[in-house]
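Residue numbers start at 1 and run along the sequence shown. First listed ligand is number 1; within each ligand, the first listed atom is number 1. The structure presented is a predicted model; accordingly, all values stated were derived computationally and were not measured.
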Amino acid sequence: MVVARDYKSFTEVRDGLKGTIGFVPTMGALHEGHLSLIRRAREENDHVIVSIFVNPTQFLEGEDLDKYPRREEADRKICELAGVDLLYMPTTDQIYEEDELCIGAPKIRGYILEGAKRPGHFDGMLQVVMKLLNLSRADRAYFGKKDAQQLALIEQMVRNYFMKTEIVPCEIVRDADGLALSSRNLYLSDEERRRALSLSRALKKAGKLIQGGERKSEVIRSVMTGVLEPEVTKLEYVAIVNRKFQPLEEVVPGETIILVAAWVGKTRLIDNLWV
Ligand code: AMP
């Protein structure tokens, strides 16, 4: 595995990789969720590129940019063991210059739910993902369904800008007790972790209701709220939308995503269920 830290050395190694490229962009503090993407990329391509870059433009003022977990050495070993060919860990100046040309998230889909709670987050996310997709010139790029709205916006960007990379959605990886893996879980105390389980529990309950024939979003949302409110510090939203992120009054199996965002202590968590 080659570790590159600047554009020039990254591009030199990238140019030498013949055959298909699978790419997994991350912000590091790698866990089994990231690894599942890397393994899939390994299976489906001749070479795998991973990037680790805590992208400042997708963090809002007052968010956790400075304290976001950084575990370079461990991450590098994980990538090496997973058979990654090229690991890109650029410094910020290798990605951005002053007075950047920016693309923006769509005005509606980019500013609801996560985009409403974190306005501008998706502009920064799309900006860096476009750069990384162009840099890697990957045949396929792997993204987790855990960040469902992010995934939908990246798919839209690739469509709207006629980009060539195939976007591959990957299943959410959970701990045995149901908690969706996230680098931010490292912030949780034992007690907070226990309370954080209410997110997956509420989603599971929603899944059971739907299996039992319930379709009304309002009923499902209120049952979920009942599970979440006693546990979380602040419930930001429970939303039931279609694959285009339009709100649904009734669940349509095969076309629905149920999303939840909540604060547990000082940690903001998201989770979702594709129905
Ligand atoms: P991050 O490092 O948080 O930016 O995540 C990098 C990629 O890993 C994104 O495509 C995420 O959606 C994906 N990811 C994060 N957590 C999980 C998980 N628990 N299961 C599957 N994919 C995940």
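Close N/O approach between Tyr142 and ligand 1 is not found [any backbone or side-chain N/O within under 3.5 Å]. Considering backbone and side-chain atoms together, Leu181 places an N or O closer than 3.5 Å to an N or O of ligand 1. In terms of polar-atom proximity, defined here as any N/O pair under 3.5 Å, Cys170 makes no such contact with ligand 1. Residue Gly144 places at least one N or O, backbone or side chain, under 3.5 Å from an N or O of ligand 1. For ligand 1, the polar-atom distance check against Ser183 finds no nitrogen or oxygen pair separated by under 3.5 Å.
Under 4.0 Å from ligand 1, not a single heavy atom of Glu32 appears.
Partner of Val260 under the side-chain contact (heavy atoms from CB on, under 4.5 Å) criterion, out of Asn272, Val227, Leu228: Leu228 alone. The salt bridge (Lys or Arg N to Asp or Glu O under 4.0 Å) test with Asp271 is passed by exactly one of Arg184, Arg174, Arg201: Arg174.
Between Arg195 and Glu231 the shortest heavy-atom distance is NE-O, 2.8 Å.
Looking at heavy atoms from C-beta onward, Thr91 lies in side-chain contact with Gln94 at the 4.5 angstrom threshold. Here the side chains of Asp139 and Thr165 are not in contact, with every heavy-atom distance at 4.5 Å or above.
Which of Val173, Val128, Leu37 comes nearest to atom 18 (C) of ligand 1 through a heavy atom is settled by distance: it is Val173. Here atom 21 (C) of ligand 1 lies nearest to Glu171 when heavy atoms of Glu171, Arg174, Lys145 are compared. The closest heavy-atom contact to atom 5 (O) of ligand 1, among the options Arg184, Met27, His34, comes from His34.
Here is the list of ligand 1 atoms found below 4.0 Å of a heavy atom in Phe143: 10 (O). The distance from ligand 1 to the heavy atoms of Ile172 drops below 4.0 Å at these ligand atoms: 20 (N), 21 (C). For ligand 1, the atoms sitting less than 4.0 Å from at least one non-hydrogen atom of Thr26 are 2 (O), 6 (C), numbered in the order shown with element in parentheses. Distances below 4.0 Å separate heavy atoms of Pro25 from the following atoms of ligand 1: 6 (C), 7 (C). Heavy-atom contacts of Asp147 reach the following atoms of ligand 1: 11 (C), 12 (O) (cutoff under 4.0 Å).
A donor atom on one side chain and an acceptor atom on the other are found under 3.5 Å apart for Glu44 and Tyr142.
The aromatic rings of Phe53 and Tyr96 lie tilted to each other, with the angle between the two planes from 30° to 60°.
Relative to the ring axis of Tyr187, Lys67 places its NZ or CZ within 45° and under 6.0 Å from the centre.
Of all protein heavy atoms, the one lying nearest to atom 15 (C) of ligand 1 is His31 CE1, 4.0 Å.
Take Lys8 and apply the side-chain hydrogen bond (donor to acceptor under 3.5 Å, both in side chains) test, not counting sequence neighbours, and it matches Glu12.
Heavy-atom neighbours of Lys205 NZ from other residues, nucleotides or ligands within 6.0 Å: at or below the threshold of 12.
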